[in-house]
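Structure first, commentary second.
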Amino acid sequence: MSDLLAKLNTEQLQAVTLPPQHALILAGAGSGKTRVLTTRIAWLLSTGQCDPAAILAVTFTNKAAKEMHARLGALLPINTRGMWIGTFHGLCNRLLRAHHRDAGLPQLFQILDSADQLAAIKRLLKALNVDDEKFPPRELQHFINAQKEAGLRPAAVDVWDDYSRRRVELYQEYETQCQRESVVDFAELLLRTFELLERNEPVRRHYQRRFRHILVDEFQDTNRLQYRWLKLLAGGEPPACLFCVGDDDQSIYRFRGAEVGNMRDFEREFQVTGVIRLEQNYRSHGNILDAANAIIRNNSARLGKNLWTEAGAGEPIRIFEAFSDSDEARWVVDEIQQLVRDGALRADIALLYRSNAQSRVLEHALFSAGIPYRVYGGLRFFERQEIKHALAYLRLIANPDDDTAFARVVNFPTRGIGARSIEALQDAARTWSTSLYATVPHLGGKPGTVLAQFVRLIEELRRETARLPLPELVDHVLDRSTLRDHYKSEKEGRERLENLDELIAAAANFTAEAQAGAEALAADHALLADFLAHASLEAGEHQADQGMDAVQLMTVHAAKGLEFDAVFVSGLEEGLFPHENSILESEGLEEERRLMYVAVTRARQRLYLSFAQSRMLHGQTRCNLRSRFLEEIPAPLARWLTPPKPRGGPGGGYYEPPRGAFAPRAQPAAAQALPGGLRVGQLVRHARFGTGVIIAAEGSGSDARVQINFGDAGIKWLLLGVAKLEACA
DNA sequence: AAGCTTAGACTTTTT
DNA sequence: GTCTAAGCTT
C-alpha cells in the first residue's frame with residue numbers, strides 16, 4: 001500500500017486518496033495523469049473501499065482503455081477482466097447487448113462506423129430521390145450526429161423553414177432506415193443507452209447502485225451527451241463518486257463536439273469544491289514549459305494552471321525561418337542528422353504539423369536523405385477496402401437486413417448485377433418496406449437470376465458456418481464469396497490478400513480472448529456479432545511495423561498524449577497554424593492555441609520551431625506571415641537561427657541520464673489493521689476536519705499516528721491517542 | 001457493365 | 001500537387 005503511494009507527489013497523493021466525493025483533477029501535460037487515475041483505482045480496491053465490480057472507468061480511445069487495464073494488472077494481483085473499463089462507445093455497446101430488448105434492438109444489431117453511416121445516408125438520399133446538391137450527404141451526416149449529441153430525436157428538433165423541415169424529415173427517414181436494418185451508428189450507441197437508462201427505472205437503478213466510483217479520463221473531450229450520460233449514471237441514491245481527470249488547455253476536439261464547458265459545469269453542478277491541480281511536469285525542460293505557459297496564457301476562459309519542473313532550463317528553443325517549404329524540410333533533415341550523430345534515437349524524434357498535406361515535403365526530404373521515417377494517420381486496418389468487403393459478407397450472415405453491407409458486396413466481386421437491377425430492387429424494397437435482402441424473393445424473377453443466386457449464397461454461408469469456429473468461418477467466407485480469388489487475379493492484390501489472412505488471424509485472436517473471458521454464447525453466430533462490433537469500435541492500428549528506428553511524422557492532433565526527446569513543429573505560419581478556417585472566431589483561435597500548447601509540451605529536451613516565407617499549398621505558392629504563436633514565446637527562451645543557418649551542432653550536454661521519476665511497479669499490501677479497529681482506506685470523522693480517509697499509519701502504542709486525507713481540508717497526520725476519530729460505516 | 005478521363009476539392013479525427 | 005468521384009466511352 002505504502003509502495004503504491006510512495007512515489008506520488010503531494011497533489012497526486014491527495015488526488016489518489018481523496019475521500020469518496022466528486023472530484024475534478026486538472027492534470028497538466030506530463031503531470032502523471034494516467035498514473036493518478038490507475039493508482040486511484042488500485043487504492044480504492046486494495047484498501048477494500050470498494051469491489052472491482054463497483055468501478056466504472058471511461059476513456060476515449062481503446063488504446064487508453066487497454067493501457068489502464070495493463071497498468072492495473074501490474075499494480076494489483078486481481079484479474080481486471082470483470083471490471084468495467086472501456087470507451088464510452090464500448091461500454092454503451094456492452095449495455096445495449098445486455099439489454100437489447102429494453103432498448104428496442106435485436107440482439108445481433110450491427111454498428112455503423114462513420115464511413116458506413118455516410119454510405120447509408122447516400123443510399124437513403126438516392127432512394128428518396130433527394131437532390132444531393134441541396135443536401136450534401138456529409139453535411140446531413142454532421143447534422144444528424146449533432147442532433148443526437150444534443151439528445152434530440154427528430155420530433156424534438158426545431159424547424160423554421162422548408163429547408164430545415166426537410167432536413168429533419170431526412171433525419172427521421174434515416175432513423176427509420178437504421179431501425180429497419182438493425183444498425184446503430186456511433187452517436188446512436190450513446191443516445192440509445194442514455195434513453196434506456198433514463199426511461200427504464202429498474203435498469204437505471206441497477207447500474208446506479210452497482211457503480212460506486214465512476215472515473216473519467218480526458219474529461220475535456222466529453223461531448224454534451226456523454227456528460228449527461230455520466231450525470232445520469234452517477235445520479236443514483238446514494239450518488240456515485242465522479243472522479244474526472246482532464247486538462248482544459250489540451251481540449252482540441254471542439255470540431256467534433258467536445259465541450260470544454262463540461263469541466264466548468266461539472267465543477268458547478270456537482271459542487272466540486274477542492275479542484276486539484278497537477279502542475280508539476282515530469283517530462284520537459286524548463287524553457288519548453290515556460291514557452292508553453294506563455295503561449296497558453298493568451299487564452300481567456302481557462303480554469304488556470306501553470307506547469308513547472310524540477311529539471312533545469314535546458315536548451316533554448318530553436319526557431320528557424322526558411323525561404324520555402326522545401327528549404328524548411330532540408331533544414332529539418334540537417335538538424336535530425338545532427339541529432340542522430342550526437343547519439344539520438346530516430347524514434348525519439350517527432351515531426352509535427354498542423355495538417356496532413358504538409359507531410360509530403362518532409363517525407364520527400366527524409367527519403368532523399370535516406371532517413372527512415374514513419375507516418376501516422378491514413379487508413380487503419382478495419383477501414384481497408386478488402387477488409388470492409390469481407391466484413392460486409394460476415395455482416396450479412398449475422399444480419400441479412402443490413403442494407404449497407406448488402407449494397408457493398410451484392411456486386412463485388414462482380415457478378416453481373418448492375419446499377420439498373422439494384423435501383424429496381426431498391427424501389428421494390430421501398431414499396432414493400434423490407435430490406436434489400438428480403439425483397440429479392442418478392443421481385444418474382446425466376447430463382448435462377450443473379451440476385452436470387454446471391455441471396456442463396458448468403459443463406460448457404462449462414463448454414464454452413466453456423467457451427468464453425470470464428471477463424472474457420474471467416475476463411476470459409478473468403479473462399480465462397482470468391483473475394484480471395486478476385487484479389488488473387490488482381491495485379492496489386494498481394495497486400496490485400498495478406499490483409500485478408502490478417503483478418504483470419506484477428507478473428508483467431510479475438511476468439512482466444514473471448515474464450516479466456518469464458519462468456520457463454522447463446523446463439524449461433526453470437527461470437528461473430530461480437531467480432532463485428534469489435535471491428536467497428538476498434539478500427540485497429542494505423543501501421544504495423546514498429547520495429548525500425550524511424551523518425552515519427554504526425555499531425556499535432558495525433559501527437560496528443562505522446563512525448564519525444566526532440567520535437568520539430570513545422571509550418572508555423574498564419575493561415576496554416578493557426579489554420580485560416582479557425583482564425584476568424586475567437587473560439588477557433590483559442591483552440592488553435594491549445595493545439596500549439598499540445599505541440600510544444602510533447603518535447604522532453606529539444607524543441608524546434610520553423611516557418612517558411614513561401615509554401616506550395618493546393619498547387620499554388622503562398623506567402624504567409626509567421627505565426628502569432630511564435631511572437632507569444634518570450635525572447636529569452638528562444639534562439640533564432642536565421643539563414644544561412646549556422647553549421648555544426650551544439651554538441652554535448654544533450655543526453656542527460658533519464659530521470660527515474662516514474663519507475664513503475666508497486667506491490668499492494670493487504671489492508672493492515674491498526675489499533676482501535678481502524679485500517680488504511682477506512683473512512684473516519686474528525687470533529688474539526690470533517691470526513692476523511694486513512695491513507696497511512698506508523699508507530700505503535702501512544703506514538704501511533706495515522707495520515708488522513710480530509711479532501712478539501714487537506715492531508716493531515718494525527719496521533720491516534722489524541723485525535724478523537726470516529727469510524728464511519 | 002466495366003474501364004477510362006476529367007473536373008472538383010482540400011483542417012484536425014476517435015468511436 | 002494528389003486524391004476522389006462523377007461522367008463518358010467502349
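Labels below follow one simple rule: chain letters A, B, ... track the order of the sequence lines, proteins then strands, and each chain is numbered from 1. All values below were derived from every heavy atom in this structure, side-chain atoms included, with hydrogens, water molecules and symmetry-related copies excluded.
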Would you mind reading off the distance between A:I111 atom CD1 and B:dT14 atom C1', rounded to a whole angstrom?
-> 14 Å
Given B:dT15, B:dT12, B:dC10, which nucleotide is nearest the side-chain atoms of A:H557?
-> B:dT12
Distance in angstrom units between A:F186 CZ and B:dT13 P, rounded | 16 Å
A:S114 has a side chain; which of B:dT11, B:dT15, C:dC3 sits nearest to it?
-> B:dT15
Give the rounded distance in Å between these two atoms: CG of A:N356 and P of B:dA9.
-> 20 Å
So with a 6.0 Å cut-off around CZ of A:F255, is the heavy-atom count from everything else above 12?
-> yes
Measure from NZ or CZ of A:R395 to the centre of the six-membered ring of A:F406, then state whether that distance is under 6.0 Å and the direction lies within 45° of the axis.
-> no
Look at all strands and tell whether A:R354 reaches a base, only sugar-phosphate, or nothing, counting heavy atoms closer than 4.0 Å.
-> base
Hey, does the side chain of A:T555 come within less than 4.0 Å of B:dT13's phosphate (OP1/OP2), counting only N and O?
-> yes
For A:D113 and B:dT14, give me the distance from atom CG to atom C1', rounded to whole Å.
-> 11 Å
Tell me which nucleotide among B:dA1, B:dT15, C:dG1 gets nearest to the side chain of A:R420.
-> B:dA1
If we require ring centres under 5.5 Å and near-parallel planes under 30°, does A:H579 stack on B:dT11?
-> yes
In whole angstroms, the gap separating P of B:dT14 from CD of A:Q117 amounts to 16 Å
Report the distance from atom CG of A:L191 to atom C1' of B:dT15, rounded to the nearest whole Å.
-> 15 Å
Hey, are the side chains of A:N399 and A:P106 touching, using non-hydrogen atoms and a 4.5 Å cut-off?
-> no
Just checking A:Y253: base, sugar-phosphate only, or nothing, at a heavy-atom cut-off of under 4.0 Å?
-> sugar-phosphate
Syn-anti status, with the boundary at 90° from 0, for the nucleotide B:dT11 = syn
Is A:Y253 close to A:E218 at the side-chain level, that is, under 4.5 Å between some pair of heavy atoms?
-> no
Can you check the A:E580 CD to B:dC10 C1' distance for me, whole Å?
-> 10 Å
Under 4.0 angstrom between A:T414 side-chain N/O and B:dA2 OP1 or OP2 = yes
Proximal nucleotide (of B:dT15, C:dT2, B:dT13) relative to the A:R256 side chain = B:dT13
Close side-chain approach of A:P578 to A:F629, heavy-atom, < 4.5 Å = yes
For the pair A:D221 and A:K560, find out whether any cationic side-chain nitrogen is under 4.0 Å from an anionic carboxylate oxygen.
-> yes
If each of A:R415 and A:A187 is mapped to the nucleotide of DNA chain B with the nearest heavy atom, which maps nearer the 5' terminus, i.e. the 5' end?
-> A:R415
Stacking check: are the rings of A:F255 and B:dT12 less than 5.5 Å apart at their centres and under 30 degrees in tilt?
-> yes
Distance, rounded to the nearest Å, where A:I252 contributes CD1 and B:dT12 contributes P = 13 Å
With a 4.0 Å cut-off on heavy atoms, is A:I417 in touch with a base, just the backbone sugar-phosphate, or nothing at all?
-> sugar-phosphate
Mind checking A:E592 for me? I need base, sugar-phosphate or nothing, with any heavy atom below 4.0 Å counting as a touch.
-> base
Give a yes/no on whether any side-chain N or O of A:R380 is located under 4.0 angstrom from OP1 or OP2 of B:dT14.
-> yes
If you look at every strand shown and take non-hydrogen atoms under 4.0 Å, does A:D221 touch a base, only sugar-phosphate, or nothing?
-> nothing
